[in-house]
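Here's the structure, in structure tokens; my notes come after.
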Amino acid sequence: MAADKEKGKMRVGITLHPYFSFASNIVGDRAIVVPLIDAGFNPHNYVPKPDDMKRIMTLDALIVNGIGHDEWAFEVVEASGMKGKLPLIFANDGVALIPVAGEEGDTKIVNPHTFIATTAAVQQVYTIARKLGEIDPENAAYYSKNARKYAMRLRRMKAKYMNDFSTLDVSNFRCATMHGAYGYLMQEFGLHVAAVIEPRHGVKPSPSQLAHTIDAIKNAHVSVLFAEKFFASKLADTIRKSTGVRMYSFSHITGGEYEADKFEREMEENLITLRDAIRSVTTQ
């Protein structure tokens, strides 16, 4: 192993903030969790840098999304000469993926935002713990125990809000989202997204696409539009003014500092926002 010089611990790389939270809660003090890119960069459009090459060569394993949210990581692995040498942990192995329209070559496109949901997060936590245990068998039981404890906290958080939602009438709840990041979150609470504004994250719809989407929102009687927190958009304002929808914001959980409790904290904020949005419709 490329051991840490002071502590001799396994170094586990991650590509996204949620995986820092997952891995940190799994490994505890028996491994070092290393973000592959520095805080403050947007993983959607990240361009690999020379320091990334150096950093990846110190790792013993790398946890990846692997289904469209961190393709740049594979560029770093290739460019650094670590392909075939560095164990890759595909967090989404075993997750039931949501397909989206279109294909890339022979590959079907799926929604890569599995980390914005509690159910899919639990599945990823168990996959990561199992794979880390295979790489570091001496600590496999420890990782497994920590994964179960962490998963239990996530399940309890979901149950808390599931109980809240059970008292609300969601039969008339119709929502749209600025982009397709929240499909897994909506799915686990039995909610349907009537329209997605951006064809892909950060890609603005053409005027004709926007007009079609606005018509779809009106025809589906959408009452709520979810946008991404911290990203104000004139497009969102245009839609709100054209349709009269109420605006709410979700965290994408892929910005700011890397913190062990970040996923739990920001996921709960999302669940509170979702509850408030539903209440705003059902209590009119």
Problem - Main-chain N/O of Ala260 paired with Asn25 side-chain donor or acceptor, under 3.5 Å - result: yes
Fill in the blank from the handout: The reported gap from CD in Glu138 to CE in Met10 (rounded to nearest 0.5 angstrom) is 10.5 Å
Practice task
Please test Phe22 against Phe263 for ring pair (Phe, Tyr, Trp, His ring centres under 6.0 Å), starting from the C-alpha separation and ending with a verdict.
Solution key: CA-CA 8 Å; Phe22 298 171; Phe263 178 79; 5.0 Å; yes
Practice task
Look only at the side chain of Glu269 and the backbone of Glu266, and say whether a donor-acceptor pair between them is shorter than 3.5 Å.
Solution key: no
Handout entry: Validation row: Leu191, Val170 side chains within 4.5 angstrom (heavy atoms)
Key = yes
Exercise for the section: Using a 4.5 Å cut-off on heavy atoms from C-beta on, say whether the side chain of Lys145 contacts that of Tyr142. Expected result: no
Fill in the blank from the handout: When every non-hydrogen atom of Ala61 is compared with those of Leu86, the smallest separation belongs to N-CD1, 3.6 Å
Handout entry: Smallest separation among heavy atoms of Thr254 and Pro18, with atom names
Key = CG2-CD, 4.4 Å
Fill in the blank from the handout: Tested for side-chain hydrogen bond (donor to acceptor under 3.5 Å, both in side chains) against Thr118, the lone hit among Glu188, Glu264, Lys158 is Glu188
Exercise for the section: Would you mind reporting whether Val77 and Ile56 have side-chain heavy atoms less than 4.5 Å apart? Expected result: yes
Practice task
Check step by step if side chain to side chain contact (heavy atoms under 4.5 Å, CB included) holds for Glu228 and Tyr182.
Solution key: CA-CA 10 Å; Glu228 186 175 342; Tyr182 314 115; 3.7 Å; yes
Problem - Closest non-hydrogen atom pair between Arg275 and Tyr161, with its separation - result: NH1-CE2, 3.6 Å
Exercise for the section: Would you sort out whether Asp215 and Lys218 count as a salt bridge (charged side-chain N to carboxylate O under 4.0 Å, His left out), showing the intermediate values? Expected result: CA-CA 5 Å; Asp215 286 341; Lys218 291 178 179 178; 5.2 Å; no
Handout entry: Between OG1 on residue Thr114 and CG on residue Leu16, distance to nearest 0.5 Å
Key = 9.0 Å
Practice task
Report yes if the side chains of Val110 and Ile98 come closer than 4.5 Å at any heavy-atom pair, otherwise no.
Solution key: no
Exercise for the section: Without swapping roles, check the side chain of Arg11 against the backbone of Thr58 for a donor-acceptor pair under 3.5 Å. Expected result: yes
Completion exercise
Here the gap from Phe173 atom CZ to His192 atom NE2, rounded to the nearest 0.5 Å, amounts to 11.5 Å
Exercise for the section: Report yes or no: does Ser144 contribute a side-chain atom to a donor-acceptor pair with the main-chain N or O of Ala140 at less than 3.5 Å? Expected result: no
Exercise for the section: If the plane angle is over 60° it's perpendicular, under 30° parallel, otherwise tilted; pick one for Phe165 and Phe189. Expected result: perpendicular
Problem - Any donor-acceptor pair under 3.5 Å from His17 side chain to Gly256 backbone - result: yes
Exercise for the section: Run the salt-bridge test on Arg265 and Glu259 with the 4.0 Å N-O cut-off and return the result as yes or no. Expected result: yes
Problem - Separation of Ile214 CD1 from Gln209 CD (nearest 0.5 Å) - result: 12.0 Å
Exercise for the section: Mind checking the CG-CD1 spacing from Leu185 to Ile116? Nearest 0.5 Å is all I need. Expected result: 8.0 Å
Practice task
Keeping the roles fixed (side chain from Tyr184, backbone from Thr119), state whether a donor-acceptor pair exists under 3.5 Å.
Solution key: no
Handout entry: Val27-Met152 co-clustered via ILVMFWY side chain contacts under 4.5 Å
Key = no
Handout entry: Student check: side-chain heavy atoms of Ile272 and Met267 closer than 4.5 Å
Key = no
Problem - Working for side chain to side chain contact (heavy atoms under 4.5 Å, CB included), residues Tyr19 and Asn65 - result: CA-CA 9 Å; Tyr19 298 149; Asn65 173 267; 3.3 Å; yes
Exercise for the section: Consider only side-chain heavy atoms of I, L, V, M, F, W and Y, link residues closer than 4.5 Å, and tell whether Met57 and Ile32 are in one cluster. Expected result: yes
Handout entry: Minimal non-hydrogen separation, Ile37 against Tyr258, with atom names
Key = O-OH, 2.9 Å
Handout entry: Lys262 with Glu257: basic N within carboxylate O range, under 4.0 Å
Key = no
Completion exercise
Closest heavy-atom pair, Gly68 versus Glu71, reported as atoms and distance to 0.1 Å, is N-OE2, 3.3 Å
Completion exercise
Scanning both residues in full, the closest heavy-atom pair of Ala31 with Tyr143 reads CB-OH, 4.0 Å
Problem - Whether Asn270 side chain and Ser251 backbone form a donor-acceptor pair below 3.5 Å - result: yes
Handout entry: Within-4.5 Å side-chain heavy-atom neighbours: Leu274 and Phe250
Key = yes
Handout entry: Ile67 and Leu97: CA distance, side-chain angles, deciding distance, side chain to side chain contact (heavy atoms under 4.5 Å, CB included) verdict
Key = CA-CA 9 Å; Ile67 55 172; Leu97 304 176; 3.7 Å; yes
Exercise for the section: Find out whether Ile217 and Ile197 are in side-chain contact, i.e. whether some heavy atom of one side chain is under 4.5 Å from a heavy atom of the other. Expected result: yes
Exercise for the section: Verify whether one side chain among Ser280 and Tyr248 offers a donor that lies under 3.5 Å from an acceptor in the other. Expected result: yes
Exercise for the section: Using a strict cut-off of less than 4.0 Å between a Lys/Arg side-chain nitrogen and an Asp/Glu carboxylate oxygen, indicate whether Lys9 and Asp136 qualify as a salt bridge. Expected result: no
Handout entry: Residue that, paired with Phe226, satisfies side chain to side chain contact (heavy atoms under 4.5 Å, CB included) out of Met186, Met178, His179
Key = Met186
Practice task
If the plane angle is over 60° it's perpendicular, under 30° parallel, otherwise tilted; pick one for His252 and His69.
Solution key: tilted
Handout entry: Side-chain (Thr167) to main-chain (Asp164) donor-acceptor, under 3.5 angstrom
Key = yes
Handout entry: Stepwise side chain to side chain contact (heavy atoms under 4.5 Å, CB included) test for Arg130 and Ile26
Key = CA-CA 10 Å; Arg130 185 177 70 255; Ile26 291 167; over 6 Å; no
Exercise for the section: Examine the side chains of Asp70 and Tyr46 and answer whether a donor and an acceptor come within less than 3.5 Å of each other. Expected result: no
Problem - Between NE2 on residue His212 and CG on residue Asn219, distance to nearest 0.5 Å - result: 9.0 Å
Exercise for the section: Please tell me if the side chains of Trp72 and Thr15 come closer than 4.5 Å, counting only heavy atoms from C-beta onward. Expected result: yes
